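If you're wondering where the values come from, they're calculated on a predicted model, not measured in any experiment.
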Amino acid sequence: MEARHAAQRLDELLDDTLTAIDPGLKWRDGSTEVLQRNDAVLNEPNGEATVSKTRYVRTKVSEDKLDRLLKAVEHRWKESGYKVTGISPGEPGFVGRAPDGFSLRCAVGGAGNVYFDAASSGVEDPGYSGTMPGEKGDRIPADPDGYPLLKPDITDPYWSG
């Protein structure tokens, strides 16, 4: 599979995941990244790469509603035939592997940041590592120190209350 097709598949997986959540959430996309894989012995590119993308939830999700959100995502993934692992009551988040080998992760970071990571299985090496051309993601504002401001910034009557 070519990297651009893998990027399209990542968007499909992320879009499908978010359709499972009702009412819908606001989000922004990070850039689509390509990482060349290296041979373990020679430490040279081996002809394969991984393509990945993160989708950050902008909607503030209260602790009371977090479990509902996670269960909706888990249900969608299982319904879609994903193998879901890493479910732990103490740590919100889990990983899913789609039947075609693509992987997804639903996680909750500090300050209630909910995000979804998606990654390809091995794809043809496009000859570089870094941001995929034309896939820079949404404009993410910076905090006063210049770092990406990824914490939720939208209040929703259902999710935030």
Looking at [atom1] of [X] and [atom2] of [Y], how far apart are the two atoms once the value is rounded to the nearest 0.5 Å?
{"X": "M132", "Y": "S31", "atom1": "CE", "atom2": "OG", "answer": "11.0 Å"}
{"X": "E124", "Y": "R4", "atom1": "CD", "atom2": "CZ", "answer": "10.0 Å"}
{"X": "L69", "Y": "S62", "atom1": "CG", "atom2": "OG", "answer": "10.0 Å"}
{"X": "D125", "Y": "N38", "atom1": "CG", "atom2": "CG", "answer": "9.0 Å"}
{"X": "S121", "Y": "E48", "atom1": "OG", "atom2": "CD", "answer": "8.5 Å"}
{"X": "R37", "Y": "T50", "atom1": "CZ", "atom2": "OG1", "answer": "3.5 Å"}

Using atom types as modelled and distance alone, determine if a side-chain donor or acceptor of [X] lies under 3.5 Å from a backbone N or O of [Y].
{"X": "K65", "Y": "Y158", "value": "yes"}
{"X": "S160", "Y": "K60", "value": "yes"}
{"X": "D143", "Y": "L149", "value": "no"}
{"X": "T59", "Y": "L25", "value": "no"}
{"X": "E33", "Y": "T131", "value": "yes"}

Pairs under 3.5 angstrom only: tabulate donor-acceptor contacts from the side chains of residues 95-103 to other protein residues two or more places apart or in another chain.
residue, atom, partner, partner atom, Å
R97, NH1, G101, O, 2.7
D100, OD1, F102, N, 3.3
D100, OD2, R9, NE, 2.7
D100, OD2, R9, NH2, 3.1

Open item on the list: Ignoring hydrogens and geometry beyond distance, is a side-chain donor-acceptor pair present between T17 and R76 at under 3.5 Å?
Closed with: no

Task: Verdict with reasoning, L104 to L14, per side-chain contact (heavy atoms from CB on, under 4.5 Å) - done: CA-CA 8 Å; L104 289 151; L14 291 166; 4.0 Å; yes

Task: Derivation of the side-chain contact (heavy atoms from CB on, under 4.5 Å) call for I140 and Y56 - done: CA-CA 10 Å; I140 297 176; Y56 303 94; 4.2 Å; yes

Task: K53 vs F116, side-chain contact (heavy atoms from CB on, under 4.5 Å): CA-CA, chis, key distance, verdict - done: CA-CA 8 Å; K53 183 175 204 164; F116 300 94; over 6 Å; no

Open item on the list: Do L10 and Y115 sit in one hydrophobic cluster, given that two such residues count as connected whenever their side-chain heavy atoms are within less than 4.5 Å of each other, even indirectly?
Closed with: no

Open item on the list: Are L150 and L66 connected into the same hydrophobic cluster when the rule is that any two of I, L, V, M, F, W, Y join if their side-chain heavy atoms are below 4.5 Å apart?
Closed with: no

Task: Trace of the salt bridge (Lys or Arg N to Asp or Glu O under 4.0 Å) decision for R58 with D138 - done: CA-CA 12 Å; R58 296 181 62 195; D138 298 328; over 6 Å; no

Open item on the list: Please determine whether the number of non-hydrogen atoms from other residues, nucleotides or ligands lying under 6.0 Å from atom NE2 of H75 exceeds 12.
Closed with: no

Report yes if the side chains of [X] and [Y] come closer than 4.5 Å at any heavy-atom pair, otherwise no.
{"X": "V114", "Y": "W159", "result": "no"}
{"X": "S52", "Y": "T32", "result": "no"}
{"X": "E63", "Y": "P92", "result": "no"}

Open item on the list: With side-chain contact (heavy atoms from CB on, under 4.5 Å) as the criterion, how do C106 and L70 come out once you've worked through the C-alpha distance, each side chain's angles and the decisive distance to 0.1 Å?
Closed with: CA-CA 8 Å; C106 173; L70 296 174; 3.4 Å; yes

TODO: Run the ring-centre check on F94 versus W77 and record whether the distance is less than 6.0 Å.
DONE: yes

Task: R55 bridged to D11 by N-O distance under 4.0 Å - done: yes

